[in-house]
Amino acid sequence: MKYVRIGGYGPGIVTIGGDLTRVTAPSFLAAHPSLPVLYAVGELERGWLSAFRADGARLGALDERPSEGHSPCHVAVEPDGGLLAVANYGDGTATLYRLDERGAFAGEPIVLRHQGSGPDAGRQEGPHAHQAVFHDGLLHVSDLGTDEIRRYHYDGTPLEPVTLAPGTGPRHFAFAGSRLYVAGELDGTVTLIDGERRTVVRASRQEGDNAPSHLELHGDFVYVANRGPNTISVLRAADLSPVAEVPSGGTWPRHFAIDGERMYVANQNANTVTSFTLRDGVPEPDGQSSEVESPACVLIM
């Protein structure tokens, strides 16, 4: 098991077991499910995808391709390892690449462009794809700009999207069977969609502005990182009732990862990755913190 973390902006770094690999403006990582291959997006106006082969504690360049969009912020690999998807925040484009037996990019990409807007003139003037998730044989893409979870077949054929309340600004989301949990970056909420039933709660019980970032399911709980309050909220997955809300160990928690009973939080503006122990589902600081310049993502391999 290797602890992998990245710095999100500027020159950027990918570190694995203490070894550094320089990448331009990395903002998210994904691992191949069966090969020792790591993928990173370069959050540039002309977005970029990099594939690395993980050889022990070192990363070697494997392949590079354009993300086919502006400012990619998320990358994901399909569970069978045959497809990779990237969400380009800047122009809302999502892109699908085939992967070969080495984990390298194969053939021409499927480029999924989108149109639309939302009521927040400053943030929803157009589409802004934020996360790509493979689930139940479909690609799902959250669009902060259009208040939708877009849905596609793997050949790029679009399906009817899941719509959120105007101004939600969906960012990261997760599935539990037929249940869908969505963090709203713009309205500071978490939405649970279960068939026709919808439950919407505030992500944080603190006063003031909140821009939730990452959301993840683990066991019976939903965890949400709150930027502004600088906390991690714990909600019950069954009904989104509050369990706890704890400090994130820094400022602007952009992402976190859970490994068994441990949680690692990337506090972007504090330049730290802080670790916690989960006790009865609640994060408790364990006193450990690593310095990482502008961390944007944590990945456990």
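Everything quoted here is computed from the prediction, not taken from an experiment. For this chain, numbers begin at 1 and follow the sequence in order.
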Next on the checklist: Can you confirm whether Pro283 sits close enough to Tyr223 that some side-chain heavy atom of one is under 4.5 Å from a side-chain heavy atom of the other?
Outcome noted: yes

Item to check | Ion pair Glu185/Arg123, N-O distance below 4.0 Å | outcome: yes

Next on the checklist: Among Phe256, Phe28, Phe173, Tyr264, exactly one meets ring pair (Phe, Tyr, Trp, His ring centres under 6.0 Å) together with His214. Which residue is that?
Outcome noted: Phe256

Checklist entry - Does Tyr154 have its ring centroid less than 6.0 Å away from the ring centroid of Phe134? => result yes

Next on the checklist: Are His70 and Tyr89, when compared by the centres of their aromatic rings, separated by less than 6.0 Å?
Outcome noted: no

Item to check | Asp100, CG: over 12 other non-hydrogen atoms inside 6.0 angstrom | outcome: yes

Checklist entry - So, Asp194 and Arg197, do they make that salt bridge, N to O below 4.0 Å? => result yes

Checklist entry - Judged by modelled atom types alone, do Glu216 and His172 share a side-chain donor-acceptor pair under 3.5 Å? => result no

Checklist entry - In Å and rounded to the nearest 0.5 Å, what is the CZ to CG distance from Arg227 to Asn267? => result 11.5 Å

Checklist entry - Given side chains that start at C-beta, do those of Leu49 and Pro66 come closer than 4.5 Å, heavy atoms only? => result no

Next on the checklist: Side chains of Pro127 and Asp91, heavy atoms from C-beta outward: is any pair under 4.5 Å?
Outcome noted: no

Checklist entry - CD of Gln268 to CZ of Arg254: how many Å apart, nearest 0.5 Å? => result 5.0 Å

